[in-house]
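See structure below.
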There are 2 protein chains.
Amino acid sequence: MRVRILVSFKDSVLDPQGQTVKNALHTMGYAAVKDVRQGKVFEIELEGIARKEAEALIPEISRKVLANPIIEKFDWQLLK
Amino acid sequence: MRVRILVSFKDSVLDPQGQTVKNALHTMGYAAVKDVRQGKVFEIELEGIARKEAEALIPEISRKVLANPIIEKFDWQLLK
């Protein structure tokens with residue numbers, strides 16, 4: 001089972017990396033870019049567990065290891 | 001227009017960050033985790049351009065700024 005987990009800063013948290021990318025794009029003339037937020041993506045391959053278990057495991061792993069729940073939010077989807 | 005761009009190492013490229021996360025999860029007892037690949041996600045807000053232009057702009061920005069095409073691949077989708 002393949003899972004994609006997206007981790008990004010909460011909207012209320014400043015994102016200096018995204019800001020830097022936005023500034024770089026503006027300097028290069030890409031004026032249509034109004035905002036950039038940068039985050040992390042994890043693609044995880046799970047084996048030997050049922051879908052129900054995976055649906056409990058993924059949020060647990062995300063909260064404990066992949067994201068810092070104080071400043072980050074996460075979102076996930078099964079890929080197949 | 002909101003766009004999500006996923007940037008990750010090509011499958012042939014080693015991913016030490018993903019490996020480290022996998023090892024951490026195994027140490028914590030999550031044996032179902034067979035593989036972890038880590039990448040970056042960018043959410044970009046575009047304004048004042050048509051969808052057709054955006055569809056040309058996004059791969060251009062991805063190749064020039066967001067990803068290193070030698071070792072990374074990217075994938076994108078319009079969010080709305």
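Reminder, nothing fancy here: chain letters follow the sequence lines and each chain counts from 1.
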Bottom line for B:Val65: the part with an atom under 4.5 Å from chain A's heavy atoms is side chain
Joint hydrophobic cluster, B:Leu6 plus A:Phe74, side-chain heavy atoms closer than 4.5 Å: no
Looking at B:Gln17, I want to see if its CD is surrounded by more than 12 non-hydrogen atoms of other residues, nucleotides or ligands under 6.0 Å. no
Side chain / backbone / both / neither for B:Tyr30 at chain A, heavy atoms under 4.5 Å: side chain
Would you say B:Leu78 ends up clustered with B:Phe42 if hydrophobic residues are merged whenever their side chains have heavy atoms under 4.5 Å apart, either directly or through other cluster members? yes
Heaviest contributor of heavy-atom pairs below 4.5 Å to chain B, chosen from A:Leu66, A:Val3, A:Leu25, A:Val21, is A:Leu25
Can you hop from A:Phe9 to A:Ile70 via hydrophobic side chains spaced under 4.5 Å? yes
Under a 4.5 Å cutoff for heavy-atom pairs, which residue among A:Lys40, A:Met28, A:Lys22 has the most contacts with chain B? A:Lys40
Flag the one option from A:Ile61, A:Asp15, A:Ile5, A:Val7 with the top tally of heavy-atom pairs under 4.5 Å to chain B. A:Ile61
Taking side chain as everything from C-beta outward and backbone as N, CA, C, O, which of these in B:Ile49 sits under 4.5 Å from a heavy atom of chain A? Side chain, backbone, both or neither. side chain
Less than 4.5 Å apart, side chain to side chain, heavy atoms only: is that true for B:Val33 and A:Leu46? yes
In terms of hydrophobic clusters joined by side-chain contacts under 4.5 Å, are B:Val41 and B:Trp76 together? no
Pairs of heavy atoms under 4.5 Å with chain A: top-ranked of B:Arg4, B:Lys64, B:Glu45, B:Glu60: B:Glu45
